[in-house]
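Some notes on the structure that comes next.
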2 protein chains.
Amino acid sequence: MAERESDRSVSQTVRAQLSLRDLILSGDLRPGERISELQAVETTGASRTPVRMALVRLEEEGLLEAIPSGGFMVKTFSERDVIDSIELRGTLEGLAARFAAERGASSRDLEPLKRCLDEIDGVVRQDPISVDAFSSYVALNARLHAMLTELSRSPPLIRQVDRASALPFASPSGFVMTQSTLPDARDTLMIAQDQHRVVIDAIENREGARAEAIMREHARVAARNLRLVLQKKTHFDLLPGLALIRMAGE
Amino acid sequence: MAERESDRSVSQTVRAQLSLRDLILSGDLRPGERISELQAVETTGASRTPVRMALVRLEEEGLLEAIPSGGFMVKTFSERDVIDSIELRGTLEGLAARFAAERGASSRDLEPLKRCLDEIDGVVRQDPISVDAFSSYVALNARLHAMLTELSRSPPLIRQVDRASALPFASPSGFVMTQSTLPDARDTLMIAQDQHRVVIDAIENREGARAEAIMREHARVAARNLRLVLQKKTHFDLLPGLALIRMAGE
DNA sequence: TGGACACTACATGTATACAATATCCGGCAA
DNA sequence: TTGCCGGATATTGTATACATGTAGTGTCCA
């Protein structure tokens, strides 16, 4: 992976973390494989201290698992693990939406979300949707989800949602790119966008239970896409991290 | 704090982490205060490398906050933060209970929980309840909650519940000791224990929604106790970590 | 007298040397 | 042939020296 110019300015620890994360998510480091510090030192260019730091952070992130006797290995996930992670993220986002509704969000607070909503409408309106448009959707979707979580105004909750979304296949935008090749891709996006609209409406009207339920169901769209992708066993390249999923028989 | 004999066998990193955690929770290190590595090296006896390791882990644990320019400071929590953390923990435990109910738990699985339930009954039956009995309750309660979470059979969820319970004031047994001095202490324990019984019954009968709702409500008992404790501004010593809570006016 | 700049001191980020320990392989004995 | 023991090797855990950047303080100039 080519070193980006911006990497120069940041710390070795961060650089090592980014570099190792890429290696793990791309599947270059196999699931279950032990990560040798010395080897990581060679590939990242940093010395052992920042590499160790990066390994600890990647463990907390959920990508690595500590080996009892020392060191780390790449974590493997079952299909069930992934589905549970998505459900978990949806539950936390649901809680955030409920908090937002119960605590009230002024029209000033909601204005940027509605603008984001409109932008997504612009993307989804085209038929068929171009690959570029899918990319735009991913970015806008991520922004909308981040803003919805922020609306809870609960730092502890925001923190946990971020952690739950750290795994790429559990993140709100994880499976968007993978579904871009599916025949009913646009329909799915329309449905998801409708859920966006409904949850904001619910928050505006202080309907906590409704907002929570919708966000939970919204996450399950991703779970559905996961199943489709795993069935087809294709487009694995569109979502980094899919290499970490161990299928039932393996 | 006296070093325990068992500390000898574990790594310097873990030793430093335990030592620093105690220092933070006891309030010896003030909220907002920057933690100097050198100072930490002196107090813990370990060298800088394991100390830094411990600091990173304590940040992930939620006790420390990274300073943009480098280093860490002790995190401060508002009353709202604490209440949200409890609600968060309850929500996750609720999800675990729902999973347990939906996925089914055999009577073999439930047997140890019921035994634990009986043991708690034995503790709660006495009137008045001794301080020792409160301690027993804390241990049994922690075990029961751990077993309930395990019943979800979802490693990602178990992981998140553990993280959410890491903050002492968010943990299931956090406020039990603080309420030991309250006049209606026994009644509260009885109510909590009844919720334990109900949630296990719900899981047994595969009533997912009911199990989830009860676990959420169960956590709110802790939130009530928090408010009582903060009102009285007493018994701060009974729950380490209470020193981290900054009251509204401060 | 106030502000800005420079210098100093100190704290953190990084690299590396050293120590302890786990793992692996080979040989020996049952 | 299999299991166990022991040593060699490699890997991680720890300590410390060095580099770099930040913050604080004092002085000088306007």
Side-chain angles (χ1 to χ4, degrees), chain A residues 3-24 28-61 63-76, chain B residues 3-24 28-61 63-76:
Chain A
E3 282 194 42
R4 283 172 298 182
E5 184 64 20
S6 62
D7 287 358
R8 286 242 186 96
S9 58
V10 300
S11 69
Q12 293 288 70
T13 302
V14 173
R15 222 182 300 183
Q17 191 175 349
L18 291 172
S19 169
L20 287 172
R21 188 193 286 133
D22 281 344
L23 249 41
I24 295 165
D28 285 7
L29 296 168
R30 296 277 184 77
E33 188 177 338
R34 183 187 200 129
I35 294 196
S36 157
E37 282 182 18
L38 253 55
Q39 176 189 328
V41 163
E42 282 182 28
T43 56
T44 63
S47 77
R48 275 188 64 208
T49 307
V51 162
R52 282 176 67 80
M53 216 77 160
L55 290 175
V56 171
R57 298 208 121 102
L58 288 170
E59 183 206 358
E60 303 289 343
E61 200 173 314
L63 256 34
L64 296 180
E65 203 174 338
I67 299 172
S69 67
F72 300 94
M73 55 184 269
V74 179
K75 208 160 171 176
T76 64
Chain B
E3 282 194 43
R4 284 172 298 183
E5 184 64 22
S6 62
D7 287 359
R8 287 243 184 97
S9 58
V10 301
S11 69
Q12 294 287 71
T13 301
V14 173
R15 220 183 301 181
Q17 191 176 349
L18 291 172
S19 168
L20 287 173
R21 187 194 286 134
D22 281 343
L23 249 40
I24 295 165
D28 285 6
L29 295 168
R30 296 279 182 75
E33 188 177 338
R34 182 186 201 131
I35 294 195
S36 157
E37 282 181 17
L38 253 56
Q39 177 189 326
V41 163
E42 283 181 26
T43 57
T44 63
S47 76
R48 274 189 65 210
T49 307
V51 162
R52 281 175 67 79
M53 217 77 160
L55 291 175
V56 170
R57 297 208 123 100
L58 289 170
E59 183 207 359
E60 303 289 343
E61 199 172 316
L63 255 36
L64 296 179
E65 203 174 339
I67 300 172
S69 67
F72 300 93
M73 55 184 270
V74 179
K75 208 161 172 174
T76 64

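All heavy atoms count here, side chains included; hydrogens, waters and symmetry mates do not. Chain naming here is simple, since letters A, B, ... match the order of the sequence lines and numbering starts at 1 in each.
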Heavy-atom donor-acceptor pair, T44(B) side chain to A40(B) backbone, under 3.5 Å: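 Side chain of T44(B) to backbone of A40(B), a donor-acceptor pair under 3.5 Å: yes, one is there.
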
Axis-to-axis angle between the two ends of the helix from dT1(C)-dA30(D) to dA30(C)-dT1(D) (five base pairs per end, rounded to 10 degrees):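 Inter-axis angle at the termini of the helix from dT1(C)-dA30(D) to dA30(C)-dT1(D): 20°.
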
B/S/- contact track for nucleotides 6-18 of chain D, protein heavy atom under 4.0 Å: ------BBBBBB-

Side-chain touch L63(A)/L20(A), heavy atoms, less than 4.5 angstrom: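 Sidechains of L20(A) and L63(A): no contact.
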
Q39(A) side chain near L29(A) side chain, heavy-atom distance below 4.5 Å: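 Contact flag for Q39(A)/L29(A) side chains = yes.
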
Minimum heavy-atom distance between P31(B) and T76(B), given as atom pair plus value: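 That would be CB-CG2, 3.2 Å.
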
Compile the donor-acceptor pairs under 3.5 Å between side chains in residues 49-58 of chain A and protein atoms, sequence neighbours left out, one pair per line.
| from | atom 1 | to | atom 2 | distance (Å) |
| --- | --- | --- | --- | --- |
| R52(A) | NH1 | E37(A) | OE2 | 2.5 |
| R57(A) | NH2 | E59(B) | OE1 | 2.6 |

Pairs where residues 67-76 of chain A contributes a residue and the test salt bridge (charged side-chain N to carboxylate O under 4.0 Å, His left out) is met, not counting sequence neighbours: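 Sorted result for residues 67-76 of chain A: empty, none.
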
Partner set under side-chain contact (heavy atoms from CB on, under 4.5 Å) for R34(B), not counting sequence neighbours: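 Result, side-chain contact (heavy atoms from CB on, under 4.5 Å) vs R34(B): I67(B), S69(B).
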
